[in-house]
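Here is the structure we will look at.
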Amino acid sequence: MSPLLEVTGLRKHFSLGGFFRRGEVRAVDGVSFAIEAGETLGLVGESGCGKSTLGRLILRLVEPSAGNVRFRGQELAGLSAAAMVAQRRDMQLVFQDPFASLNPAMTVRDIIAEPLEVHRIDTTPGIDRRVAILLTRVGLRPDHARRYPHEFSGGQRQRIGIARALALEPLLLVCDEPVSALDVSVQAQILNLLRDVQREAGLAMLFISHDLMAVRQVASRVAVMYLGRLVETAPTAALFATPRHPYARALLDAVPAPEVERRPRIVLEGDPPNPMDPPPGCHFHPRCPFATERCRAEAPALEVEDGHAVACHHWRWLPPWPGLSPALTEPMAPRLARLLGHFRPIEETSA
């Protein structure tokens, strides 16, 4: 049986023209992966590595320079605009900014009902009833449908955005950093909501984030992206226990720990290279403490072993990774509950 979503050799190069500067930005540079029905794939990496562009390429909100995207076995590149609209009923996006993604002139009822009306969905026993069910599903009250976005907090707005994305009962949900603009206590609520909705509806989900601990809470598998390329993919438990790529190790080492630790860490120095002029060979070699001449000359391919793929020439000979702090190995919700104590999050109160 073929995967729900299959991406092969996907590339997006943006051409830049100007009097002083010309060239192209290799935002996505040959990415391949698959997502099974009901699976959540976490996509992580530093800002500017191409994560959001990849999500938009999958939805064909941005046209690829090369490569293929197949959804339910259907190649999306050759579809007409009308056929693509029909496909998007099953592929929905949750935006990063809950303040910018909702029309301030529309009521919550109209925001959630709009995709139902655009796609002419049968809403028996009525759109208002359907909107009320969706609001309840995401933890809001049916009477919130009469209000406007400015009357809600950030976390509540994101719940509205999730309700809008769920209105068409999609098969794939692309979440583009859905909690990065929210307070940490609210993040846990939204992550728990996404996880519960994914399990109840059997959705597949691409969860894009720079926050590894958020990804750990919701994803069954993780892909690590660096400068337009995937450098490691693995089941979530395997990646957090034994990351194989130096970049993945460095990202995990950068997770703040609540206690002072005396252990060796990989500390990345400098910024990622210019995507207009990426370094030859392995893109990570200018910042990698284990780089050799081979890394500078030859780009490593993703090598798969035991379901764990890594693009590194030397991963087998790297020193053992000491692991995460014990305080970071428990789920996010219990940690937040302990830190917050008896205080009730303001987010749960109505606006």
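Quick note: numbers below take in every heavy atom, side chains included, and nothing from hydrogens, waters or symmetry partners.
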Roughly how far, to the nearest 0.5 Å, is OG of Ser65 from CG of Leu57? 8.0 Å
Would you find a donor on one side and an acceptor on the other, under 3.5 Å apart, between the side chain of Arg72 and the backbone of Asp90? no
Looking only at side chains, do Gln96 and Ser180 share a donor and an acceptor under 3.5 Å apart? yes
Gln198 side chain vs Leu203 backbone, donor-acceptor pair below 3.5 Å: yes
Would you indicate whether the side-chain heavy atoms of Arg195 and Arg199 approach each other to under 4.5 Å? yes
Just to verify, which of Val174, Thr40, Ile35 counts as forming a side chain to side chain contact (heavy atoms under 4.5 Å, CB included) with Met205? Thr40
For Thr236, the option from Leu41, Val222, Val215 that meets side chain to side chain contact (heavy atoms under 4.5 Å, CB included): Val222
Taking 4.0 angstrom as the limit, do Arg11 and Glu24 come out as a salt bridge? no
Mind checking whether Leu191 and Val255 sit in one hydrophobic cluster, side chains of I, L, V, M, F, W, Y counted as touching below 4.5 Å? yes
Taking the six-membered ring for Trp, are His245 and Tyr247 parallel (under 30°), tilted (30 to 60°) or perpendicular (over 60°)? perpendicular
Between His314 and Thr292, do the side chains contain a donor N or O and an acceptor N or O under 3.5 Å apart? yes
Criterion side chain to side chain contact (heavy atoms under 4.5 Å, CB included) on His283 and Val231, from CA distance to verdict: CA-CA 10 Å; His283 286 351; Val231 297; over 6 Å; no
Co-membership, hydrophobic cluster, residues Leu5 and Leu230, 4.5 Å side-chain: yes
Is Glu39 salt-bridged to Arg221, cutoff N-O under 4.0 Å? yes
Will you find, in the side chains of Glu6 and Asn68, an N or O donor that is under 3.5 Å from an N or O acceptor? no
